[in-house]
There are 2 protein chains.
Amino acid sequence: MRIGELARRAGVSTRALRYYEQQGMIVARRTANGYREYGEADLKLVTEIRSLLSVGFTLEDARPFVACLRAGHESGGSCPESVAVYQRKLTEIDDEIRTLLTRRAEVAAQLTTVCPGCVLRKIGES
Amino acid sequence: MRIGELARRAGVSTRALRYYEQQGMIVARRTANGYREYGEADLKLVTEIRSLLSVGFTLEDARPFVACLRAGHESGGSCPESVAVYQRKLTEIDDEIRTLLTRRAEVAAQLTTVCPGCVLRKIGES
DNA sequence: ATAAACGTTGACACCGACGTCAAGGTCAAG
DNA sequence: CTTGACCTTGACGTCGGTGTCAACGTTTAT
């Protein structure tokens with residue numbers, strides 16, 4: 001299939017697909033006229049990339065997953081490098097959550113000093 | 001005082017101070033030679049800005065606070081517009097926290113499928 | 001033959017809060 | 001007079017994942 005069809009099936013823009021290729025995430029065969037030609041495996045790669053981006057991964061984070069799929073594994077996350085990324089991302093997310101919780105508390109405290117009773121309940125607080 | 005001294009006392013760069021002025025956050029008098037001249041009140045403004053930026057506010061978010069201080073209020077947060085920003089930021093932070101918690105759960109779930117027992121405890125989980 | 005719908009590469013725009021040069025003016029001390 | 005520490009404005013670079021436009025080639029249908 002050509003880039004337009006892959007884009008439609010994957011739910012991404014052609015711009016995104018070209019960008020992924022530029023970043024070395026996917027590699028397309030070229031037909032005689034220079035058009036990119038993709039297979040079903042590529043759709044799987046793009047789907048994996050999108051899935052990871054949607055949970056806050058960068059393209060760089062997604063690289064090992066794509067490599068894992070291209071290596072023939074059924075899941076992009078089943079390779080050691082992917083697992084390492086999973087764990088790193090978990091700690092990063094945890095750090096961000098902690099930062100946000102701290103900030104929320106600080107902002108809520110400030111708001112309380114000028115407007116007691118204005119603060120809504122925090123997530124998980126009853 | 002001139003820009004260098006204000007920068008030192010406020011713990012910011014001169015570049016930041018000029019940027020704040022460019023964005024209309026602070027206004028400096030000019031001496032005969034064109035140098036910016038600041039007073040103690042300006043230090044207070046900059047301190048307020050920094051304090052807000054450090055908890056994730058944008059300069060735009062900080063604007064009402066600065067206006068409030070310039071209007072003579074002892075606290076930048078004591079004006080109605082500032083309170084509104086406080087509340088909006090709280091909901092924004094809450095949204096971000098919820099998003100991150102969801103993401104963490106998704107990533108942890110994926111990791112578990114390829115590496116059971118690899119997932120560390122979530123914040124607040126014992 | 002031509003229009004419509006596809007494809008190609010290249011390159012600028014975006015967002016926010018600055019960092020970092022460039023090229024110059026000002027001022028106090030030695 | 002000169003050095004050096006200060007100041008000025010202006011403008012490009014950063015970071016990521018695209019959107020969007022330009023200018024052009026290809027293919028298919030009519």
Side-chain angles (χ1 to χ4, degrees), chain A residues 1-39 42 45-66 85 88-89 92-93 96 99 103, chain B residues 1-39 42 45-66 85 88-89 92-93 96 99 103:
Chain A
M1 81 194 88
R2 290 177 304 185
I3 196 169
E5 185 182 348
L6 177 57
R8 251 169 292 139
R9 293 179 59 184
V12 307
S13 65
T14 59
R15 176 70 177 88
L17 293 178
R18 295 196 186 95
Y19 178 67
Y20 298 159
E21 178 172 326
Q22 191 186 354
Q23 300 304 307
M25 304 298 295
I26 53 183
V27 188
R29 289 184 299 118
R30 295 301 183 115
T31 56
N33 55 22
Y35 286 12
R36 291 174 177 81
E37 187 66 26
Y38 300 93
D42 294 312
L45 293 187
V46 175
T47 301
E48 177 84 3
I49 291 172
R50 286 268 113 183
S51 167
L52 293 170
L53 289 183
S54 74
V55 292
F57 284 44
T58 66
L59 269 190
E60 217 49 48
D61 292 332
R63 199 177 292 279
F65 293 79
V66 172
V85 171
R88 176 171 54 77
K89 295 306 283 187
E92 287 178 11
I93 293 172
E96 291 180 43
T99 296
R103 281 182 184 176
Chain B
M1 82 195 88
R2 291 178 302 185
I3 197 171
E5 186 181 348
L6 177 58
R8 250 167 301 159
R9 293 179 59 185
V12 306
S13 66
T14 58
R15 176 69 176 88
L17 293 178
R18 294 196 188 96
Y19 178 67
Y20 299 158
E21 179 172 325
Q22 191 187 354
Q23 299 304 309
M25 304 298 295
I26 53 182
V27 189
R29 288 184 298 121
R30 296 301 183 115
T31 56
N33 54 24
Y35 287 12
R36 290 173 178 81
E37 187 66 26
Y38 300 93
D42 294 311
L45 294 187
V46 175
T47 301
E48 178 85 3
I49 291 172
R50 287 266 113 184
S51 167
L52 293 170
L53 288 183
S54 74
V55 292
F57 283 45
T58 66
L59 269 190
E60 217 49 49
D61 292 331
R63 201 177 292 278
F65 292 79
V66 171
V85 172
R88 176 170 55 76
K89 295 307 283 186
E92 288 179 9
I93 292 172
E96 291 180 42
T99 297
R103 282 183 184 176

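Every chain is numbered from 1, with letters handed out A, B, ... down the list of sequences.
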Hey, which of these two, A:Tyr19 or A:Ala32, hits DNA chain D nearer its 5' end, going by closest nucleotide?
A:Tyr19

Take B:Leu45 and B:Phe65 through the side chain to side chain contact (heavy atoms under 4.5 Å, CB included) test and state the conclusion after the steps.
CA-CA 9 Å; B:Leu45 294 187; B:Phe65 292 79; over 6 Å; no

With a 4.5 Å limit on heavy-atom distance, are the side chains of A:Lys89 and A:Phe57 in contact?
yes

For A:Arg103, give me all partners under side-chain hydrogen bond (donor to acceptor under 3.5 Å, both in side chains), at least two apart in sequence or on another chain.
none

Need two values: the first and the last nucleotide of DNA chain D, 5' to 3', having an atom under 4.0 Å from any heavy-atom of chain B.
D:dC6 to D:dA11

Once each nucleotide of nucleotides 6-11 of chain C is scored for protein heavy atoms under 4.0 Å, what B/S/- sequence comes out, 5' to 3'?
BSBB-B

Residues B:Asp42 and B:Val27: closest non-hydrogen pair is OD1-O, 4.2 Å

Who are the side-chain hydrogen bond (donor to acceptor under 3.5 Å, both in side chains) partners of A:Tyr20, not counting sequence neighbours?
A:Arg50

Any Lys/Arg nitrogen of A:Glu5 or A:Arg8 sitting under 4.0 Å from an Asp/Glu carboxylate oxygen of the other?
no

Compute the bend angle of the helix from C:dA1-D:dT30 to C:dG30-D:dC1 from the end axes (five pairs per end), rounded to 10°.
40°

Considering all heavy atoms of both residues, which atom of B:Leu17 and which atom of B:Tyr38 are nearest to each other, and what is their separation?
CB-OH, 4.5 Å

For A:Leu6 and A:Arg2: C-alpha separation, side-chain torsions, deciding distance, then whether side chain to side chain contact (heavy atoms under 4.5 Å, CB included) applies.
CA-CA 6 Å; A:Leu6 177 57; A:Arg2 290 177 304 185; over 6 Å; no

Hey, can you pull the residues of residues 47-59 of chain B with a non-hydrogen atom under 4.0 angstrom from DNA chain C?
B:Arg50, B:Leu53, B:Thr58, B:Leu59

From the options A:Met1, A:Glu21, A:Arg29, select the one residue that forms a side-chain contact (heavy atoms from CB on, under 4.5 Å) with A:Arg36.
A:Glu21

If you take all heavy atoms of A:Asp61 and A:Val85, which pair is closest and at what distance?
O-CG1, 3.7 Å

Atom CD of B:Gln22 to atom C1' of C:dA17: distance rounded to whole Å?
11 Å

Closest heavy-atom pair, B:Leu53 versus B:Leu59, reported as atoms and distance to 0.1 Å, is CD2-N, 3.9 Å

Closest non-hydrogen contact found for B:Ser13 with B:Ala7 is C-CB, 4.1 Å

Between the CG atom in A:Leu52 and the CZ atom in A:Arg63, the distance rounded to the nearest 0.5 Å is 13.0 Å

